[in-house]
Colleague: 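This is the structure, below, for whatever I ask next.
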Amino acid sequence: YDEATGEWVELEGCVVDTENNTITASIAHFTTFAVIGAVPVEEEIVLLPPPPLLPAPAAFSLTDLSVKPVEVLTGEAVTITVPVANTGGTEGSYTVVLKINGVKEAEKSVTIAAGSSEMVTFSVTKKEVGSYTVTIDGLSASFAVVAVEEVKEVEVVPIPTPGVSWPLIGGLIVAAIVIGLFVFAWLKRRAYR
């Protein structure tokens, strides 16, 4: 203890032997000495749980591009369908771009839940005769437009149907009645015998 300043002063060169519970220090004068120390606090190791794994972002795949019918007349519609699947771990949106002969024809945006799929359908009508190549996201198919042939007017000739022969029908009815009467009379005559 330093009486002049009124404070405790740390001695330099002290050796602490925790195994033998001793403290050794060199001193040059007599005064009040004290052992003052702090018990070291063991740091508590807190293990934090690992951060949760984030789901994979939305990822889309397109397969089975379908064009039906593959041949149409000018002005008739062609139906183009493609399934879009979300193979990622979160919901996401995807824009399906339809190109015909390399030129953007149409586009549709779809929002698909993780692990789900949706069918995207386009309807296209072409007025020019020719062959058309359809591409969507690297998938391709084709269809053809053919000319509408002029329909020639055909004269409808009715097929004659034979007329009803009323005298023949009347004769058959009379014959049936006469035969019926003969059978009736014969049966009645047999019943009296």
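Keep in mind it's a predicted model, so treat the numbers as computed, not measured. Quick note: residue numbers are just sequence positions, from 1.
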Colleague: Give the minimum heavy-atom separation between Leu139 and Asp64, together with the two atoms involved.
Modeller: CD1-N, 4.3 Å

Colleague: Within a 6.0 Å radius of atom CD1 on Ile27, are there more than 12 heavy atoms belonging to other residues, nucleotides or ligands?
Modeller: yes

Colleague: Identify whether the distance between the nearest side-chain nitrogen and carboxylate oxygen of Glu105 and Lys126 falls below 4.0 Å.
Modeller: yes

Colleague: Take atom NZ in Lys108; do more than 12 heavy atoms of anything else shown fall under 6.0 Å from it?
Modeller: yes

Colleague: Please list every donor-acceptor pair under 3.5 Å in which a side-chain atom of residues 77-92 meets a protein atom from a residue at least two apart or in another chain.
Modeller:
from	atom 1	to	atom 2	distance (Å)
Asn86	OD1	Ala59	N	3.3
Asn86	OD1	Gly88	N	2.9
Asn86	ND2	Thr90	O	2.9
Asn86	ND2	Ile112	O	3.0
Thr87	OG1	Ala59	O	3.2
Thr90	OG1	Ala58	N	3.2

Colleague: If the condition is side chain to side chain contact (heavy atoms under 4.5 Å, CB included), which residues does Lys99 pass it with, not counting sequence neighbours?
Modeller: Val97, Thr135

Colleague: For Asn20 and Thr22, what are the C-alpha separation, side-chain angles and deciding distance, and is it a side chain to side chain contact (heavy atoms under 4.5 Å, CB included)?
Modeller: CA-CA 6 Å; Asn20 295 316; Thr22 60; 4.3 Å; yes

Colleague: Taking Leu73 as the fixed residue, which of Val129, Val145, Val146 is the one that meets the side chain to side chain contact (heavy atoms under 4.5 Å, CB included) rule?
Modeller: Val146

Colleague: Just verifying a value: how many Å separate Ile23 CD1 and Thr18 OG1, rounded to the nearest 0.5 Å?
Modeller: 10.5 Å

Colleague: Please assess Leu65 against Val134 for the test side chain to side chain contact (heavy atoms under 4.5 Å, CB included), listing each intermediate value before the final yes or no.
Modeller: CA-CA 9 Å; Leu65 176 63; Val134 175; 4.3 Å; yes

Colleague: Got a second to check how far Phe60's CZ is from Asp137's CG, nearest 0.5 Å?
Modeller: 11.0 Å

Colleague: Hydrophobic clustering (ILVMFWY, side-chain heavy atoms < 4.5 Å, transitive) - are Ile173 and Leu181 grouped together?
Modeller: yes

Colleague: Assess the residue pair Glu71 and Phe143 against the criterion (side chain to side chain contact (heavy atoms under 4.5 Å, CB included)); give the C-alpha distance rounded to whole Å, side-chain angles, the decisive distance to 0.1 Å, and a yes or no.
Modeller: CA-CA 6 Å; Glu71 185 174 286; Phe143 67 94; over 6 Å; no

Colleague: With sequence neighbours left out, what residues match Lys104 under salt bridge (charged side-chain N to carboxylate O under 4.0 Å, His left out)?
Modeller: Glu107

Colleague: Using the side chain to side chain contact (heavy atoms under 4.5 Å, CB included) rule, take Tyr94 and Val96 through it: C-alpha gap first, then chi angles, then the decisive distance, then the call.
Modeller: CA-CA 6 Å; Tyr94 186 79; Val96 180; 3.8 Å; yes

Colleague: Between Ser93 and Ser109, do the side chains contain an N or O donor and an N or O acceptor separated by less than 3.5 Å?
Modeller: no

Colleague: What's the separation between atom OH in Tyr132 and atom CD1 in Ile100, rounded to the nearest 0.5 Å?
Modeller: 8.5 Å

Colleague: Answer whether the closest heavy-atom distance between the side chains of Asp17 and Asn21 falls below 4.5 Å.
Modeller: no

Colleague: Going by distance alone, is a donor N or O of one side chain under 3.5 Å from an acceptor N or O of the other, for Thr133 and Ser142?
Modeller: no

Colleague: According to a hydrophobic-cluster definition based on side-chain heavy atoms being under 4.5 Å apart (Ile, Leu, Val, Met, Phe, Trp, Tyr only), do Ile177 and Phe184 belong together?
Modeller: no

